[in-house]
Number of protein chains: 2
Amino acid sequence: MAATQPGTGRNGKRPSVTDVARLAGVSVGTVSNVLNRPENVAPPTRAKVEAAIKELSFVRNASARQLRSGELNTVGAVVLDIANPFFTEMARGIEDRLAQDEYTLMLCSSDENPEREGRYLRLFEEHGVRGVIATPSEGSLDTLLAMRERGIDVVLLDHTSPLPDLPSVAVDDVGGGALATEHLLAQGHTRLAFLNGPLTLRQCADRRDGVMQTLTAHGLDPATSLVEIALEALNADGGDDGMRRLLAADGPTPTATFCVNDVTALGALRALRDLDISVPGEMAVVGYDDVMFANMLATPLTSVRQPMYKMGWTAADMLLRRGSEDLTAEQVEFEPELVVRASSGPA
Amino acid sequence: MAATQPGTGRNGKRPSVTDVARLAGVSVGTVSNVLNRPENVAPPTRAKVEAAIKELSFVRNASARQLRSGELNTVGAVVLDIANPFFTEMARGIEDRLAQDEYTLMLCSSDENPEREGRYLRLFEEHGVRGVIATPSEGSLDTLLAMRERGIDVVLLDHTSPLPDLPSVAVDDVGGGALATEHLLAQGHTRLAFLNGPLTLRQCADRRDGVMQTLTAHGLDPATSLVEIALEALNADGGDDGMRRLLAADGPTPTATFCVNDVTALGALRALRDLDISVPGEMAVVGYDDVMFANMLATPLTSVRQPMYKMGWTAADMLLRRGSEDLTAEQVEFEPELVVRASSGPA
DNA sequence: CTGAAAGCGCTAACAG
DNA sequence: CTGTTAGCGCTTTCAG
């Protein structure tokens with residue numbers, strides 16, 4: 001007899017339950033049963049069906065399946081930048097927790113572009129994801145809220161929730177900014193620089209608040225004691241460029257720089273090295289996140305640590321538990337922690 | 001009149017085209033038209049429909065859509081480890097190319113676990129992705145091939161294709177391993193260590209071949225000139241542990257170590273630093289990948305550079321073009337490049 | 001334990 | 001230009 005062309009179905013299309021049923025000599029209902037409730041099917045029948053499945057190399061069509069029976073074991077996540085170790089660590093946390101419940105992650109990065117973020121969120125929704133974990137940029141909160149109205153679980157990540165019933169996992173960034181600033185002040189620095197991203201990003205705005213509050217609490221006038229540099233991009237090149245602009249600016253050069261994250265600090269350190277400016281001698285540097293490589297740099301980087309993996313894990317956990325357990329929205333806030341290293345010695 | 005509860009449909013379910021049609025006073029066909037061919041709908045009608053869509057905050061159901069009309073603008077990618085900058089850089093390349101054509105990426109990491117990889121691949125297929133980009137681990141090649149039989153485009157990434165008609169993007173890892181070894185030998189080292197991952201991973205096996213070939217080409221006997229350490233994990237902790245085991249081993253300690261990737265080298269350097277062993281004085285170190293932070297480490301790391309972003313971009317490009325253009329399978333191979341830095345000075 | 005039949009939400013003919 | 005209608009592949013009653 002002619003061997004069935006595997007996978008090539010009858011007519012080049014993917015084989016369906018109907019094809020399997022026909023080949024096994026049973027009805028589609030039975031096929032569906034062996035797929036979903038094998039224990040309810042008599043072993044001989046089941047064997048026949050399984051043989052047919054293998055023979056045709058049949059693969060379930062998730063779309064049809066979901067269309068009929070609702071749920072789908074997928075959650076979507078949008079982060080700001082997948083190339084930043086801060087977010088990848090979080091993604092690992094999310095993925096690991098999701099894997100426990102056989103859920104799958106659709107991961108996208110918005111590049112801090114609200115439009116791109118919106119596109120991804122809409123796509124997630126169209127695909128019927130069970131839930132969404134998002135690091136929202138400004139403006140996308142409304143979209144997220146609307147999705148929730150429509151029954152999609154939402155957890156905010158790296159963002160405190162503005163609503164009592166919207167779960168979130170965050171870190172106190174105002175406190176983190178303050179921590180970094182206090183440290184620099186304690187080291188005797190009085191003229192600081194802050195390489196920051198757009199204030200439309202909550203993280204940037206909050207860390208800045210922490211800086212400002214600390215400065216004024218110490219009786220310093222930000223106008224004279226702080227130089228702010230707006231970064232073009234929150235990556236190493238952005239930090240490199242920002243540091244060069246800082247050094248080229250008019251007026252007295254600060255003796256210490258606080259970078260809004262470690263990747264950016266890496267770039268700043270690179271510029272400093274290329275320009276032959278010693279760290280921390282001529283310029284102290286503090287980063288934020290405490291990513292894996294922070295303590296391995298030429299001058300180990302002082303940084304504000306965030307529990308990234310745990311944050312991701314927790315967010316996923318909240319999302320998954322939300323279905324099964326009570327619906328009280330948790331709002332977890334982790335505390336940042338200053339890790340002092342060589343890059344921020346005294347002035 | 002009572003405001004329609006947005007999103008809460010008639011009965012708590014997501015609103016469908018039927019709901020929209022009813023509210024707008026048109027037929028579902030017309031709704032479908034404004035969704036897919038708005039230019040074929042009279043402006044007034046279109047306006048009514050659009051108003052209804054907004055009113056109900058209707059969101060298309062991608063499952064139903066795909067079920068009916070086949071294709072879906074999604075491609076899946078499985079990489080070995082999403083936390084490794086090497087793979088994230090590639091992912092960025094993939095994502096950026098995909099975004100150009102409005103495609104979306106489902107990204108998963110297999111953790112070098114073939115079972116997990118298989119699960120993800122099956123899931124992709126069930127979801128009807130248009131194509132798959134995979135960094136296959138051993139054994140999964142068959143799965144990939146089977147998927148291709150069933151009409152899913154497959155591109156191998158960081159893996160040379162074993163089949164003439166299966167497209168792939170790779171780097172010459174044998175050459176890369178040779179490059180690193182040649183360099184170390186040229187520096188006068190004669191006792192080398194190789195911190196490598198499992199040989200079931202093609203990258204590891206190939207780089208090892210490069211090492212071996214170079215050694216014998218120079219008349220050295222691997223048995224006496226090379227110590228191989230099998231890493232438990234291809235991350236920083238794995239490298240740290242591997243280096244400690246190397247130093248604790250019997251026999252003369254090598255004077256140079258080649259690490260199978262940079263993340264691993266980072267860990268090895270950490271161990272060396274903690275143990276107060278100078279680099280490159282007492283131990284030279286060479287990594288692989290040349291990730292972003294390689295040149296910023298305490299001792300800038302000599303490494304074998306791979307064009308990660310470009311690799312990802314190219315793979316996605318091949319996948320996308322495969323649909324539209326001719327079907328000749330390309331097999332791109334990039335050349336690795338040695339980047340010498342301080343970590344590998346002379347013995 | 002198995003079969004028959006309805007229908008999930010959408011798109012694509014085809015009529016009008 | 002708009003309406004009607006027939007499925008896409010699957011799960012799920014409901015009978016037998």
Side-chain angles (χ1 to χ4, degrees), chain A residues 7 9-50 52-53 56-73 123 125-128 150-151, chain B residues 7 9-50 52-53 56-73 123 125-128 150-151:
Chain A
R10 226 140 300 295
N11 40 24
K13 300 184 53 216
R14 283 171 63 164
S16 75
V17 275
T18 316
D19 298 318
V20 174
R22 183 163 30 209
L23 180 61
V26 300
S27 76
V28 293
T30 302
V31 174
S32 178
N33 278 335
V34 348
L35 252 23
N36 303 297
R37 282 169 243 77
E39 65 282 7
N40 293 352
V41 179
T45 317
R46 196 202 307 183
K48 271 192 303 183
V49 174
E50 279 164 351
I53 287 179
L56 296 172
S57 56
F58 163 81
V59 176
R60 255 200 197 89
N61 179 326
S63 296
R65 180 174 207 209
Q66 190 206 352
L67 182 55
R68 185 64 242 240
S69 66
E71 289 306 297
L72 186 58
N73 282 0
L123 212 110
E125 181 163 5
E126 291 186 357
H127 280 259
R150 294 182 221 113
Chain B
R10 228 139 297 296
N11 40 23
K13 298 186 55 216
R14 281 170 65 163
S16 76
V17 275
T18 315
D19 298 318
V20 173
R22 182 162 30 208
L23 180 60
V26 299
S27 78
V28 293
T30 301
V31 175
S32 178
N33 278 334
V34 347
L35 252 22
N36 303 298
R37 283 168 243 75
E39 65 282 7
N40 293 353
V41 179
T45 318
R46 196 202 310 182
K48 271 191 304 186
V49 174
E50 279 163 352
I53 288 177
L56 297 171
S57 54
F58 163 80
V59 175
R60 253 202 199 87
N61 179 326
S63 296
R65 181 174 206 208
Q66 190 206 354
L67 184 55
R68 186 63 243 241
S69 66
E71 289 305 297
L72 187 58
N73 283 359
L123 212 110
E125 181 164 4
E126 292 187 357
H127 280 259
R150 293 180 221 116

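Nothing here was measured: the structure is a model prediction, and the numbers come from that model. When reading the values below, keep in mind they use all heavy atoms of this one structure, side chains included, and skip hydrogens, waters and symmetry mates. Residue numbering restarts at 1 for every chain, and letters A, B, ... go by the order of the sequence lines.
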Whole-Å gap separating [atom2] ([N]) and [atom1] ([X]):
X         : N       : atom1 : atom2 : value
Glu125(A) : dG9(C)  : CD    : P     : 14 Å
Arg46(B)  : dG3(D)  : CZ    : C1'   : 19 Å
Gln66(B)  : dC10(D) : CD    : C1'   : 13 Å
Arg65(A)  : dT12(D) : CZ    : C1'   : 13 Å
Asn61(A)  : dG9(C)  : CG    : C1'   : 14 Å
His127(B) : dG9(D)  : NE2   : P     : 17 Å
Leu67(B)  : dC8(C)  : CG    : P     : 13 Å
Lys48(B)  : dC1(D)  : NZ    : P     : 15 Å

I want to check one thing: is the phosphate of dG9(C), taken as OP1 and OP2, less than 4.0 Å away from some side-chain N or O of Ser16(B)?
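Negative; the distance criterion is not met.
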For dA6(C), does either OP1 or OP2 sit under 4.0 Å from a side-chain N or O belonging to Arg68(A)?
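Arg68(A) to dA6(C) OP1/OP2: no side-chain N or O under 4.0 Å.
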Among the candidates dC10(D), dC10(C), dG9(C), find the nucleotide nearest to the side-chain atoms of Val17(A).
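Selected nucleotide (nearest to the side chain): dC10(D).
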With rounding to the nearest 0.5 Å, note down the distance linking [atom1] in [X] to [atom2] in [Y].
X        : Y        : atom1 : atom2 : result
Ser16(A) : Leu56(A) : OG    : CG    : 9.0 Å
Leu67(A) : Asn61(A) : CG    : CG    : 9.5 Å
Asp19(B) : Ile53(B) : CG    : CD1   : 12.0 Å
Thr30(B) : Arg46(B) : OG1   : CZ    : 12.5 Å

Just to be sure I understand the geometry, which residues of residues 28-43 of chain A put a non-hydrogen atom under 4.0 Å away from DNA chain D?
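Here the set is Gly29(A), Ser32(A), Asn36(A), Arg37(A).
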Is a side-chain donor-acceptor pair under 3.5 Å present for Arg60(B) with Asn36(B)?
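Yes, Arg60(B) and Asn36(B) have a side-chain donor paired with an acceptor closer than 3.5 Å.
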Using the rule side chain to side chain donor-acceptor pair (under 3.5 Å), only one of Arg68(B), Glu126(B), His127(B), Gln66(B) pairs with Ser63(A); which is it?
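Of the listed options, the one satisfying the test is Gln66(B).
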Over all atoms of both residues, closest heavy-atom pair of Leu35(A) and Phe58(A):
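Closest approach of Leu35(A) to Phe58(A): CD2-CE2, 3.9 Å.
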Go through the structure and list residues passing salt bridge (Lys or Arg N to Asp or Glu O under 4.0 Å) with Glu125(B), not counting sequence neighbours.
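Checked Glu125(B) against salt bridge (Lys or Arg N to Asp or Glu O under 4.0 Å); matches are Arg150(B).
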At how many degrees, to 10°, do the end axes of the helix from dC1(C)-dG16(D) to dG16(C)-dC1(D) meet when each uses five pairs?
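Axis-to-axis angle, ends of the helix: 30°.
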Using side-chain heavy atoms (C-beta onward) and a distance below 4.5 Å, is Thr18(A) in contact with Val28(A)?
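Result yes, sub-4.5 Å side-chain heavy-atom pair found.
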